[in-house]
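This report refers to the structure that appears directly beneath it.
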Amino acid sequence: MLIRSGTYAERPAVDRAVTIRGTGDFRPQLLGLQIYNSNFWTSPALLSVAGISFTGRVNYITVYDRPRRLTLTFSECALDSGLEVTPLG
């Protein structure tokens, strides 16, 4: 998925393996990102994010007991409020 340069007051939700990349003259800004483990059945179970600034928190929430051991990669990104991991509870 490509996201153009700009400021977006949005917090997308991701529940499957995907690549998200910022495009344009400067990094797009998003309010945050919600990551759920519900549909990461591909191999590898990978979420790759590149070239995006997150002004709010990035949340990884385990909502089901499987699949587990997802690989999350962030390159050339800014996570201003960090990454929060919430286990199945």
Side-chain angles (χ1 to χ4, degrees):
M1 172 183 359
L2 297 175
I3 301 175
R4 289 187 214 167
S5 295
T7 302
Y8 304 95
E10 298 178 28
R11 179 184 293 275
V14 175
D15 70 348
R16 64 194 71 236
V18 68
T19 297
I20 304 171
R21 177 171 292 281
T23 65
D25 295 334
F26 59 93
R27 282 189 275 195
Q29 290 186 339
L30 293 175
L31 185 59
L33 183 66
Q34 296 288 114
I35 305 163
Y36 302 102
N37 74 318
S38 51
N39 289 308
F40 278 84
W41 296 107
T42 60
S43 181
L46 171 66
L47 171 64
S48 177
V49 182
I52 299 175
S53 293
F54 296 97
T55 57
R57 188 173 21 241
V58 173
N59 295 306
Y60 167 40
I61 303 166
T62 303
V63 292
Y64 296 105
D65 62 342
R66 298 228 187 291
R68 294 276 182 109
R69 298 186 182 186
L70 308 185
T71 301
L72 309 177
T73 64
F74 294 87
S75 62
E76 301 175 18
C77 291
L79 281 69
D80 292 351
S81 296
L83 173 68
E84 180 178 316
V85 178
T86 305
L88 183 67

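Just so it is clear, the model here is predicted, and its values are computed rather than measured. Residue numbers run from 1 in the order of the sequence given.
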Value for CG (L83) from CG (L33), rounded to nearest 0.5 Å, stands at 9.5 Å

For the side chain of T55 and the backbone of L30, is there at least one donor-acceptor N/O pair under 3.5 Å apart? yes

Would you mind telling me which of L72, V49, T86 makes a side chain to side chain contact (heavy atoms under 4.5 Å, CB included) with I35? L72

Taking all non-hydrogen atoms of both residues, which atom of C77 and which atom of G51 are closest, and how far apart? SG-N, 3.7 Å

Considering only heavy atoms from C-beta outward, does the side chain of L70 approach that of Y60 to under 4.5 Å? yes

Any chain of hydrophobic side-chain contacts (each under 4.5 Å) joining Y8 to V14? yes

Looking at every non-hydrogen atom in both residues, tell me the closest pair between R11 and R57 and how far apart they are. NH1-O, 2.7 Å

Going from CD1 on I20 to CZ on F74, what distance comes out if it is rounded to the nearest 0.5 angstrom? 8.0 Å

Separation between CZ of F54 and CG of L31, rounded to the nearest 0.5 Å: 10.5 Å

Any chance CZ of R21 has more than 12 other-residue heavy atoms, nucleotides or ligands included, within less than 6.0 Å? no

Counting only heavy atoms not in R68, do more than 12 fall under 6.0 Å of its CZ? yes

Using side-chain heavy atoms (C-beta onward) and a distance below 4.5 Å, is R4 in contact with T23? yes

Heavy-atom closest pair (A13 atom, Y36 atom, distance to 0.1 Å) is CB-CE1, 4.0 Å

Closest approach of V63 and N37, non-hydrogen atoms and distance? N-OD1, 2.9 Å

Taking all atoms of both residues into account, what is the closest heavy-atom pair of G56 and S81, and its distance? C-CB, 3.6 Å

Please answer whether the main-chain N or O of R27 pairs with a side-chain N or O of S53 as donor and acceptor at a distance below 3.5 Å. no

Checking the side chain of S5 only, and the main-chain atoms of F26 only, is there a donor and an acceptor separated by less than 3.5 Å? yes

When clusters are formed from ILVMFWY side-chain contacts under 4.5 Å, directly or step by step, what else is grouped with W41? none

By side chain to side chain contact (heavy atoms under 4.5 Å, CB included), which residues pair with T73, not counting sequence neighbours? L46, S48, T71

Give the minimum heavy-atom separation between P44 and A17, together with the two atoms involved. O-CB, 4.4 Å

Are Y64 and I61 connected in a single hydrophobic cluster, I mean Ile/Leu/Val/Met/Phe/Trp/Tyr linked by side-chain heavy atoms less than 4.5 Å apart? yes

